[in-house]
There are 2 protein chains.
Amino acid sequence: MSQDTGQQRLRIWKRILREHDLRLTPARKAVMEILTGCDRPLTAQEIHDRARDHRHSLGIASVYRTLDTLSDLDLIQRIHHLQGCEAYGPALTGHKHFLICTECERMVAFPGWDELDDYFKAEGEKRGYQVKDHWLQLFGVCPECQ
Amino acid sequence: MSQDTGQQRLRIWKRILREHDLRLTPARKAVMEILTGCDRPLTAQEIHDRARDHRHSLGIASVYRTLDTLSDLDLIQRIHHLQGCEAYGPALTGHKHFLICTECERMVAFPGWDELDDYFKAEGEKRGYQVKDHWLQLFGVCPECQ
DNA sequence: TGTTAATTGATAATGATTATCAATATCAAT
DNA sequence: ATTGATATTGATAATCATTATCAATTAACA
Ligand SMILES: [Mn+2]
Ligand SMILES: [Mn+2]
Ligand SMILES: [Zn+2]
Ligand SMILES: [Zn+2]
């Protein structure tokens, strides 16, 4: 009885779109299907390519537009690599950190740690900064790539 | 007797270039002077503009080339923002984290924390990953902008 | 089923980065 | 100081990613 979390997430995304009076179009569905099913961050171009493998006539402009829309809704988030930061992956509920394989780009998320937030806030205050947010990504080699 | 750490760093960078058999050219000097003296991350375009204010005829291509060279030598590092990651700032000796003002982009660095590395490694191992590196940036409001 | 405004895709425009290449300048050897 | 080998430069073109434009299409709702 393996529950497909991708399918689940896709349903939730569709509901959220409707709640925001955003139409459920084939273009948006295609991008969302790919993003909810992916196991690594994808660039706009990669999403476009994958969508075209299954469905035809998806404009690259619509991919960018959908990425914008999903970002605004906090359903996806930009993933940063050492070289650049063009890729997107699904954002998870609540604040999460990412652990990314430098070989295959597969990634998993892990939750925060209470002491961590306190430490970040304290480090900022020491320097007179009011810390509002933070970013944490770990890079390593996944089990499959070892 | 305020010591200018920018000047100091510039001298070190020049020495490192020489040690790697890289020529000390006016173009490289211009980019290095700006980067060692800046208090916030700068894009290639910004560096180009600033260089031209003081010295003429600096090609944008040479800015990109010098940024590449300095990155390879670990003398500068890419700074990532929520929107993108085109800016560079001087990398500091040893592993450091950044605290960046979301208003003015001014940034300061702060050192690691022993327990932090252990925590990162442990979180990775839990998921079968061999953690090699991490990235931590804090975002907040600096004293001047509050 | 018809109405209407949101959305789409093709295309053009923009902007950033990289590749090309002849001209120049660095640096070490003389 | 002069020379020569070659790394480096800047102008330009080429490429690549992203955004803007706009007429045609279509999702959502009455
Ligand atoms: Mn966190
Ligand atoms: Mn660290
Ligand atoms: Zn992997
Ligand atoms: Zn500030």
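When reading the values below, keep in mind they use all heavy atoms of this one structure, side chains included, and skip hydrogens, waters and symmetry mates. Here is how names work: the chains are called A, B, and so on, in the same order as the sequence lines, proteins then strands, and each is numbered from 1.
- Distance, B:H20 NE2 to D:dA7 P: 16 Å, rounded to whole Å.
- Atom CG of A:D49 and atom P of D:dC16 are 13 Å apart (whole Å).
- Between B:R52 and B:L22, the residue anchored nearer the 5' end of DNA chain D, judged by the nucleotide with its closest heavy atom, is B:L22.
- Per the geometry, CG belonging to A:D21 stands 19 Å off P belonging to C:dT4, to the nearest Å.
- At the heavy-atom level, A:R28 lies under 4.0 Å from the strands shown only through sugar-phosphate atoms.
- In this structure, D:dA14 and C:dT17 make a Watson-Crick or G-U wobble pair, each of the two defining distances being under 3.5 angstrom.
- When the C1' atom of C:dG15 is taken as reference, atom CD of B:E46 falls 15 Å away, rounded to whole Å.
- Rounded to whole Å, atom C1' of C:dC27 lies 12 Å from atom NZ of B:K29.
- Of all nucleotides listed (D:dA7, D:dT26, D:dA20), D:dA7 comes nearest to the side chain of B:R23.
- Under the 4.0 Å criterion applied to side-chain N and carboxylate O atoms, A:E125 and A:K121 are not assigned as salt-bridge partners.
- The separation between A:D72 atom CG and C:dA6 atom C1' is 16 Å, rounded to whole Å.
- Residue-level contact check: B:I60 touches neither bases nor backbone, having no heavy atom under 4.0 Å from any strand.
- A:L75 is not listed as a side-chain neighbour of A:L35, based on a closest heavy-atom distance of 4.5 Å or more.
- Nearer the 5' end of DNA chain C, as judged by each residue's closest nucleotide, is the contact made by A:V63, out of B:L24 and A:V63.
- A straight line from CG of A:D68 to C1' of C:dT7 spans 14 Å, rounded to a whole angstrom.
- B:Y64 has no side-chain polar atom (N or O) that falls below the 4.0 Å cut-off from OP1 or OP2 of C:dT18.
- Using a 4.0 Å cut-off between charged nitrogen and carboxylate oxygen, A:R40 and A:E46 count as a salt-bridge pair.
- The side chain of A:A61 approaches D:dA20 more closely than any other nucleotide in the set D:dT9, D:dA20, D:dT18.
- Looking at B:E144 and B:R106, their side chains come closer than 4.5 Å, going by heavy atoms from C-beta outward.
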Which donor-acceptor pairs under 3.5 Å do side chains of residues 21-30 of chain B form with protein atoms, sequence neighbours excluded?
from, atom 1, to, atom 2, distance (Å)
B:T25, OG1, B:R28, N, 3.3
B:R28, NH1, B:R23, O, 2.8

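- Not one side-chain nitrogen or oxygen of B:T25 sits closer than 4.0 Å to the OP1 or OP2 atom of C:dT26.
- Counting non-hydrogen atoms under 4.0 angstrom, A:L58 reaches the backbone sugars and phosphates but no base.
- Atom pair B:Q45:CD and C:dT18:C1' shows a separation of 13 Å (rounding to whole Å applied).
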